[in-house]
Amino acid sequence: MDRRNFIGMLPVLPMVSALEKNEKVGFGPIVISTWDFGRYANAVSWKTMEKGGSALDAVEKGINLVEEDEHNQTVGRGGLPDREGHVTLDACIMDQDSNCGSVMGLENITHAISVARKVMEKTPHVILIGDGALQFAMDQGFRKENLLTPSSEKAWKQWLKTSKYEPRMNIENQLYRKQPPMPGGKDNHDTIGLIAMDVKGNICGGCSTSGMAYKMRGRVGDSPVIGAGLFVDNEVGAATSTGVGEEVIRCVGSHLVVELMRMGYTPEAACKEAVLRIVKKSPEKSKSIQVGFLALNKKGEYGAYALQPGFSYAVKTAGTEIVIPGKSYYP
Ligand code: GLY
């Protein structure tokens with residue numbers, strides 16, 4: 001089913017303030033993911049878990065939907081290219097047993113998260129990059145295709161006129177909500193991060209992106225870096241991030257959030273602490289970039305925190321289907 005038909009079947013979701021929402025959802029299947037478009041991924045993940053499917057399958061299938069959506073210019077097919085016009089994808093996945101797989105700079109394959117899963121399941125390695133990742137994907141039966149859609153090519157050619165390289169805050173929601181751009185730099189970034197807990201209480205997560213638009217050729221952000229863009233510890237919970245990956249890597253952000261939850265922080269407090277770490281390390285830069293963290297703990301509690309307003313996340317449980325504006329450090 002293509003995304004438009006799929007979306008047509010979904011009800012309009014309420015936007016719920018995190019303050020209005022009781023973040024304790026109790027034990028049971030749950031899926032949370034970054035940005036407004038996470039709701040579509042969540043719906044697919046939920047269908048998988050509703051039938052008794054694993055959190056791992058739920059993560060892969062939910063993210064696959066976003067990767068296929070060529071109207072989404074920050075993930076998968078239709079992603080904005082690097083400055084030389086190549087669409088290069090980064091993704092990683094991690095399961096309840098701390099197995100993990102990752103691809104960096106993968107070209108011509110839409111489902112980067114599925115290739116990452118194959119790396120996890122079929123190789124003795126964790127990360128494959130570039131041509132090696134592509135070769136592996138083709139050996140595994142993935143189909144090669146052109147990921148640069150006419151609309152992304154047009155945007156890139158427009159960008160070439162100035163070649164000004166600055167991250168654009170909350171581009172994910174700008175492109176989705178078709179709102180006027182927020183103040184901030186020009187074009188850039190990113191990511192679907194999705195965390196699921198299944199009926200058995202197992203937590204898995206995944207992250208997939210075309211990275212920062214018009215990035216330097218070969219640039220890799222946080223999304224495929226285990227511990228930065230994603231971390232899962234099935235005893236504690238999981239976290240994922242979105243935004244300017246360089247800052248997330250510098251504080252190993254998702255691992256930090258999970259370790260803080262291990263120490264007793266709530267998911268939101270842990271995400272906030274990771275954001276504060278970024279502010280402390282990069283006080284000036286933090287004013288003009290976006291980074292958001294999203295986390296789930298073993299009790300089914302979730303929370304998020306971002307540098308800037310504009311970040312949102314989507315939550316699906318048996319009784320809840322909502323998109324929540326993330327709280328932020330800067331007003
Ligand atoms: N967070 C995605 C990136 O920086 O590439």
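Counting convention: from 1, in listed order, for ligands and their atoms alike. We're numbering straight along the sequence, starting at 1.
- Atoms of ligand 1 lying under 4.0 Å from any heavy atom of T191, numbered from 1 in the order shown and given with element: 1 (N), 2 (C).
- Of the listed residues (M212, K215, R219), the one carrying the non-hydrogen atom nearest atom 5 (O) of ligand 1 is R219.
- With ligand atoms numbered from 1 in the order given, ligand 1 contributes 1 (N), 2 (C), 3 (C), 4 (O) to contacts under 4.0 Å with heavy atoms of D222.
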**Request:** Carefully, step by step, assess R39 and E321 under the rule salt bridge (Lys or Arg N to Asp or Glu O under 4.0 Å).
**Result:** CA-CA 8 Å; R39 57 175 288 213; E321 191 179 359; 5.3 Å; no
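- A salt bridge links E107 with R217: at least one charged nitrogen is closer than 4.0 Å to a carboxylate oxygen.
- Residue-level proximity to ligand 1 for Q290 is absent, since no heavy atom of it falls below 4.0 angstrom.
- The distance from the CE atom of M94 to the CG atom of N234 is 10.0 Å, given to the nearest 0.5 Å.
- Those atoms of ligand 1 with a heavy atom of S223 less than 4.0 angstrom away are 1 (N), 2 (C).
- The side chain to side chain donor-acceptor pair (under 3.5 Å) test with H111 is passed by exactly one of E68, R143, E60: E68.
- In summary, the atoms of ligand 1 found under 4.0 Å from a heavy atom of G243, numbered by their order in the structure, are 1 (N), 2 (C), 3 (C), 4 (O).
- For the side chain to side chain contact (heavy atoms under 4.5 Å, CB included) test with S33, the passing option among L194, I63, V59 is L194; the others fail.
- On a distance-only criterion, G211 and ligand 1 share no N/O pair closer than 3.5 Å.
- For the side chain to side chain contact (heavy atoms under 4.5 Å, CB included) with I32, the lone residue among L296, T317, I324 that qualifies is L296.
- By the 3.5 Å distance cut-off applied to N or O atoms, T209 is not counted among the residues near ligand 1.
- Considering backbone and side-chain atoms together, G221 places no N or O closer than 3.5 Å to any N or O of ligand 1.
- Ligand 1 has no N or O atom lying under 3.5 Å from any N or O atom of E246, backbone or side chain.
- Screening residues 246-278 for ring-ring contact (aromatic ring centres under 6.0 Å, His included) gives F231-H255 as the qualifying pairs, with residues at least two apart or on separate chains.
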